[in-house]
Trainee: 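To start, I am sharing the structure in question, which I have written as structure tokens.
No hydrogens, no waters, no symmetry mates; every other heavy atom, side chains included, goes into these values.
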Amino acid sequence: MENSEAAAPERPRRTGRPAEVLRAAWASALLALPFQIGFIVLTVVFSLLGLRTDMIVAVLLVPALWVPAIAQIVFRTVVPRALQLHFLIFMTAGPFAGSALGVYGYIPHWDKLVHFDSGIMLAWAGWLAVRRVEEHVDIVLPRWFSLTIGILTPMAFAAAWEICEFTSDHLFGTHAQNGNTDTMGDIIAATVGAVITLGFTLIWKWPRSVMPQALLSPERRPARTAAGAAHTE
């Protein structure tokens, strides 16, 4: 009994207990608070200095930083701190710095770097979803399945994002897309980020908190596998 309790911190918690989920959500909200304050303060300072800013975008981004907290409540689980921090950094570099402060217009290829980083973050998110499924049904899904999800999740989100930009440009007259090269470049950047993340994760086994059981070292995997479970049943 003591050994199982000692090993528990090594695995991401799959809890449905309301009290623990609420504590985790509250911690996520507190983690986002400095970023939220920074968004507003920096936008005001930049405006006073006469620099290009978009206050509306900055204000809308403040509640968007609560996504990890809301996700934990909705799905009754705990999102690893590494993924939460990556989400906050991504929102800072992309929507805030890129759009609200106009960095996209100042630094060439900043947009591609943001899409590249989204591939890393979404690969982690895809793997976390696989791991939660593994924990829920108490099996280890095939290794190829985990690797495939790690690649397809960023690709799917990148394609969906480009579809939204295309729709916005044609329905509301925005100028989010600059042609097919820009669109495909964004999708490719996210895909490359996912592929590099996959290789890095397989070599260094980090961050363990988002890795499916099939990608962990054998000694850390539960004994039951998907094939074994099917055979038993």
Side-chain angles (χ1 to χ4, degrees), residues 1-2 4-45 53-101 114 117-138 146 149-150 153-154 157 160-161 193 197 201 205-213 215-216 220 222:
M1 196 68 171
E2 293 179 358
S4 62
E5 292 177 355
E10 297 294 335
R11 301 175 61 186
R13 295 170 292 173
R14 45 153 189 167
T15 175
R17 290 177 291 177
E20 187 170 4
V21 170
L22 288 176
R23 284 197 299 270
W26 177 247
S28 296
L30 291 178
L31 182 65
L33 185 59
F35 290 84
Q36 293 171 317
I37 295 173
F39 283 11
I40 299 300
V41 171
L42 285 175
T43 303
V44 171
V45 170
T53 58
D54 192 329
M55 181 62 75
I56 295 178
V57 171
V59 171
L60 291 175
L61 286 174
V62 169
L65 297 186
W66 286 327
V67 166
I70 295 172
Q72 291 177 106
I73 294 174
V74 171
F75 296 107
R76 288 186 290 183
T77 188
V78 176
V79 177
R81 183 60 61 93
L83 184 55
Q84 292 185 48
L85 284 172
H86 200 149
F87 172 77
L88 294 172
I89 293 171
F90 170 79
M91 294 295 286
T92 301
F96 178 64
S99 297
L101 301 185
V114 171
D117 184 64
S118 75
I120 301 173
M121 179 184 67
L122 291 170
W124 287 6
W127 281 331
L128 179 63
V130 172
R131 181 154 185 175
R132 289 296 186 254
V133 170
E134 289 181 326
E135 293 170 338
H136 182 70
V137 298
D138 194 26
S146 298
I149 292 298
T153 300
F157 272 90
W161 181 262
T197 300
T201 304
K205 304 296 182 184
W206 186 90
R208 290 183 178 276
S209 59
V210 303
M211 293 177 63
Q213 297 293 336
L215 301 184
L216 292 172
R220 291 185 177 273

Trainee: Once side-chain hydrogen bond (donor to acceptor under 3.5 Å, both in side chains) is applied, do any residues pair with Asp117, and if so which ones, sequence neighbours excluded?
Mentor: His86
Trainee: Only counting residues at least two apart or in another chain, list the ones meeting side-chain contact (heavy atoms from CB on, under 4.5 Å) with Ile70.
Mentor: Trp66, Val74
Trainee: Could you pull out the closest heavy-atom pair between Ala123 and Pro154, with the gap in Å?
Mentor: N-CG, 3.6 Å
Trainee: Minimum heavy-atom separation for Leu83 and Ala125, please, with both atom names.
Mentor: CD2-CA, 4.1 Å
Trainee: Considering all heavy atoms of both residues, which atom of Gly126 and which atom of Ile149 are nearest to each other, and what is their separation?
Mentor: O-CG2, 3.5 Å
Trainee: What residues form a side-chain contact (heavy atoms from CB on, under 4.5 Å) with Pro95, not counting sequence neighbours?
Mentor: Leu61, Met91
Trainee: Below 4.5 Å, heavy atoms only, C-beta onward: do Val210 and Arg131 meet side chain to side chain?
Mentor: no
Trainee: What are the two closest heavy atoms between Val114 and Ala93, and how far apart are they?
Mentor: CG2-O, 3.9 Å
Trainee: Identify each donor-acceptor pair in which a side-chain atom of residues 29-44 lies under 3.5 Å from a protein atom, sequence neighbours left out, and give them as a table.
Mentor:
residue: Gln36; atom: NE2; partner: Val62; partner atom: O; Å: 2.7
residue: Thr43; atom: OG1; partner: Phe39; partner atom: O; Å: 2.6

Trainee: Within this structure, what is the CG-CE distance for the pair Leu60 and Met55, rounded to the nearest 0.5 Å?
Mentor: 11.5 Å
Trainee: What is the minimum heavy-atom distance between Leu215 and Lys205, and which atoms define it?
Mentor: O-NZ, 2.7 Å
Trainee: What's the shortest heavy-atom distance between Ser146 and Val130, and which atoms?
Mentor: OG-CG1, 3.7 Å
Trainee: Who pairs with Phe157 by side-chain contact (heavy atoms from CB on, under 4.5 Å), at least two apart in sequence or on another chain?
Mentor: Leu122, Thr153
Trainee: Quick one: do Glu135 and Arg132 make a salt bridge, cutoff under 4.0 Å?
Mentor: yes
Trainee: What donor-acceptor contacts under 3.5 angstrom involve side-chain atoms of residues 21-28, with partners at least two apart or in another chain?
Mentor:
residue: Ser28; atom: OG; partner: Ala24; partner atom: O; Å: 3.0
residue: Ser28; atom: OG; partner: Gln72; partner atom: NE2; Å: 2.6
residue: Ser28; atom: OG; partner: Gln84; partner atom: OE1; Å: 2.6
residue: Ser28; atom: OG; partner: Gln84; partner atom: NE2; Å: 3.3

Trainee: Is any side-chain heavy atom of Trp127 closer than 4.5 Å to one of Thr197?
Mentor: yes
